[in-house]
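Worksheet: the structure to be examined is printed underneath.
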Protein chains: 2
Amino acid sequence: MDDVRWLSAEEQEIWRAYLSASVAFSAHIDRQMRQDSGMPMAYYEILVRLSEAPRRRLRMSELADVSLSSRSRLSHAVAALERNGWVERRPADGDRRGWVCALTEDGYAALAAAAPGHVTTVREHIFDVLTPEQLATLRDIGLAISAGLSQECAAARAEDEQADPYAG
Amino acid sequence: MDDVRWLSAEEQEIWRAYLSASVAFSAHIDRQMRQDSGMPMAYYEILVRLSEAPRRRLRMSELADVSLSSRSRLSHAVAALERNGWVERRPADGDRRGWVCALTEDGYAALAAAAPGHVTTVREHIFDVLTPEQLATLRDIGLAISAGLSQECAAARAEDEQADPYAG
DNA sequence: CCGCTGGTGTTGAGAGTTCAACCACCGTTA
DNA sequence: TAACGGTGGTTGAACTCTCAACACCAGCGG
């Protein structure tokens with residue numbers, strides 16, 4: 001582990017600038033959401049994704065994927081949202097292992113109430129402080145980083161098969 | 001609240017790209033740190049900032065500021081790090097309210113052990129997937145967002161004084 | 001000297017996340 | 001049909017974070 005490619009001073013500056021902004025901003029929108037709507041951002045994200053799905057319902061595993069949540073986290077979160085009456089769990093038809101999570105009317109109302117404050121916060125702290133060029137680059141940066149992360153997952157899978165070629 | 005400036009389709013695409021990458025990447029580095037070094041990223045950040053301070057020690061409030069932590073969070077975190085023997089708390093001289101947090105030798109060793117894996121992860125998923133132009137823009141974006149956030153704090157303070165002009 | 005305001009830091013409870021273990025079911029294979 | 005690995009999803013414990021309340025001390029004004 002002696003061949004670490006350490007960060008140069010310039011790279012450290014970039015990394016620190018990104019990290020500070022990312023941490024501070026995510027803390028900011030999370031606090032805004034908790035104060036104004038009584039739920040963390042992760043729950044809002046779940047409601048948003050449900051609201052966009054056909055018939056406002058999704059399989060738990062799909063919901064976990066699109067809401068950037070682990071299975072376990074989603075399980076706990078949906079249990080909490082269900083206690084609020086914002087979602088319902090029903091058995092999935094065709095696969096007795098699976099469950100479908102459905103947004104209720106109350107849940108949709110809660111989402112509609114939370115959205116304005118959230119969008120306003122995002123606009124004020126992202127779109128109002130960045131130039132169009134920066135915004136276009138920000139999108140490309142996001143896509144590149146996400147691609148790198150999913151590529152690593154694929155590489156890890158390939159490595160697993162390499163290490164255990166008879167697994168399949 | 002009917003005059004919300006909603007996001008256009010293009011703006012939503014930018015926002016989603018940023019959010020996905022940010023959430024996924026921060027989850028990734030946090031998991032890497034927990035698995036390889038047994039501490040969350042927030043604790044690593046605390047150790048880093050201590051290691052960079054003169055004599056490797058800082059007042060709790062200063063440490064909270066530079067490590068992007070709330071006072072309360074830092075208190076809990078330092079208590080946990082102290083149980084590990086990685087930091088020590090000593091009364092600050094000159095102000096009997098204050099405490100100084102000092103990095104121990106064990107703490108420095110833990111930091112040195114954690115750093116290579118962390119830096120490698122950052123390099124692989126940030127610096128290896130972005131172009132120099134994108135990196136330069138990323139720095140500017142981070143600075144602009146941070147500036148917007150601290151400016152809001154200043155504005156909030158000013159508004160408080162406006163609402164209660166005799167407070168001072 | 002006393003009270004008062006503000007700053008420093010801690011504490012405890014409640015909420016949310018992670019991790020590992022687990023159950024139940026699917027599809028395939030023998 | 002029975003065994004078996006893989007998938008879908010949940011659970012409980014341990015951990016971390018947030019929020020509000022608190023204790024303590026500094027500095028300042030009466």
Side-chain angles (χ1 to χ4, degrees), chain A residues 23-24 26-46 58-65 67-84 87 89-101 157 160-161 164 166-168, chain B residues 23-24 26-46 58-65 67-84 87 89-101 157 160-161 164 166-168:
Chain A
V23 170
S26 69
H28 184 76
I29 57 173
D30 199 62
R31 175 161 34 251
Q32 182 274 326
M33 185 58 68
R34 285 172 193 268
Q35 282 186 351
D36 295 358
S37 307
M39 62 180 149
M41 264 302 295
Y43 289 16
Y44 179 80
E45 182 73 11
I46 290 169
L58 278 174
R59 279 289 289 264
M60 292 294 287
S61 54
E62 298 179 59
L63 184 53
D65 290 344
S67 65
L68 308 168
S69 240
S70 69
R71 304 266 166 111
S72 171
R73 166 146 81 153
L74 183 68
S75 237
H76 289 294
V78 165
L81 292 171
E82 205 168 23
R83 284 194 291 274
N84 284 18
V87 304
R89 261 183 292 205
R90 305 168 184 182
D93 36 284
D95 188 340
R96 279 193 298 169
R97 294 169 301 178
W99 292 83
V100 169
C101 183
R157 268 196 302 276
D160 281 357
E161 292 175 13
D164 187 4
Y166 306 113
Chain B
V23 169
S26 69
H28 184 76
I29 57 173
D30 199 60
R31 175 162 33 252
Q32 183 273 327
M33 184 58 67
R34 285 171 192 268
Q35 283 185 351
D36 295 358
S37 307
M39 61 180 148
M41 263 303 293
Y43 290 15
Y44 179 79
E45 182 74 10
I46 290 169
L58 279 175
R59 279 289 290 263
M60 291 294 286
S61 53
E62 298 178 59
L63 184 53
D65 290 344
S67 65
L68 308 168
S69 241
S70 70
R71 304 264 167 114
S72 172
R73 168 147 80 155
L74 183 68
S75 237
H76 289 295
V78 165
L81 291 171
E82 205 169 22
R83 283 193 292 274
N84 284 17
V87 304
R89 262 183 293 205
R90 305 168 184 183
D93 37 284
D95 188 340
R96 280 195 296 170
R97 294 169 302 178
W99 290 84
V100 168
C101 182
R157 268 196 302 276
D160 282 355
E161 292 175 11
D164 186 7
Y166 306 115

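In what follows, chains carry the letters A, B, and so on, assigned in the order in which the sequence lines appear, proteins first and then strands, with residues in each chain numbered from 1. Quick caveat: nothing in here was measured; it's all calculated off a predicted structure.
One atom, CG of B:L74, and another, P of D:dT16, lie 14 Å apart when rounded to the nearest Å. As rounded to whole Å, 12 Å separates atom C1' of C:dG9 from atom CG of B:L63. Rounded to whole angstrom, the span from the CH2 atom of A:W99 across to the P atom of C:dC25 amounts to 11 Å. We find that CD of A:E82 is positioned 14 Å from P of D:dG9, with the value rounded to whole Å. Rounding to whole angstrom units, CG of residue A:D93 and C1' of D:dG8 are separated by 15 Å. Distance CE (A:M60) to C1' (D:dT11): 13 Å, rounded to an integer number of Å. D:dT16 atom C1' lies 11 Å from atom CD1 of B:I46, rounded to whole Å. For the pair B:L81 CG and D:dC15 P, the computed distance is 14 Å after rounding to whole Å.
In this model, the phosphate group of D:dT7 is not approached by any side-chain N or O of A:R97 to a distance below 4.0 Å at OP1 or OP2. Side-chain nitrogen and oxygen atoms of B:R71 include at least one within less than 4.0 Å of the OP1 or OP2 phosphate oxygen of C:dT8. For A:R73 and C:dT18, the shortest distance from a side-chain N or O to OP1 or OP2 is below 4.0 Å. In terms of phosphate contacts, B:Y43 brings a side-chain nitrogen or oxygen within less than 4.0 Å of OP1 or OP2 of D:dT16. Contact between the side-chain N/O atoms of B:S61 and the OP1/OP2 oxygens of C:dG9 is found at a separation under 4.0 Å.
Separation of atoms CZ (A:R73) and OG (A:S67) is listed at 7.5 Å; rounding is to 0.5 Å.
When heavy atoms are screened at a 4.0 angstrom cut-off, B:A42 is found touching the sugar-phosphate backbone but no base atom. A:A92 comes within contact range of no nucleotide atom at all, as no heavy-atom separation falls under 4.0 Å.
Heavy-atom minimum distance, B:R34 versus B:P40: NH2-CB, 3.7 Å. Scanning both residues, B:S75 and B:M60, for their nearest heavy atoms gives CA-CE, 4.3 Å. Residues B:M39 and B:Y44 share a closest heavy-atom pair of SD-N, 3.9 Å.
A donor N or O paired with an acceptor N or O is found under 3.5 Å between the base of C:dT11 and the side-chain atoms of B:S72. On a pure distance criterion of 3.5 Å, no polar donor-acceptor pair joins the side chain of B:H76 and the base of C:dG9.
Comparing A:G94 and A:R83 by the nucleotide of DNA chain C whose heavy atom lies nearest to each, the residue mapping closer to the 5' end is A:R83. Nearest-nucleotide assignment on DNA chain C puts the 5′-proximal partner with B:V78, out of B:V78 and A:G38. Toward the 5′ end of DNA chain D lies the nearest nucleotide of A:E62, the other residue of the pair A:D30 and A:E62 mapping further downstream.
Of the possible polar contacts, one joining the A:E82 side chain to the A:R89 backbone as a donor-acceptor pair under 3.5 Å is found.
In this structure, B:R59 and B:D95 have side chains that are in contact, with non-hydrogen atoms separated by less than 4.5 Å.
Which of C:dC19, D:dT11, D:dG8 sits closest to the side chain of B:R34 comes down to C:dC19. Each of D:dT10, C:dG12, D:dC25 was ranked by its minimum atom distance to the side chain of A:R89; first place goes to D:dT10.
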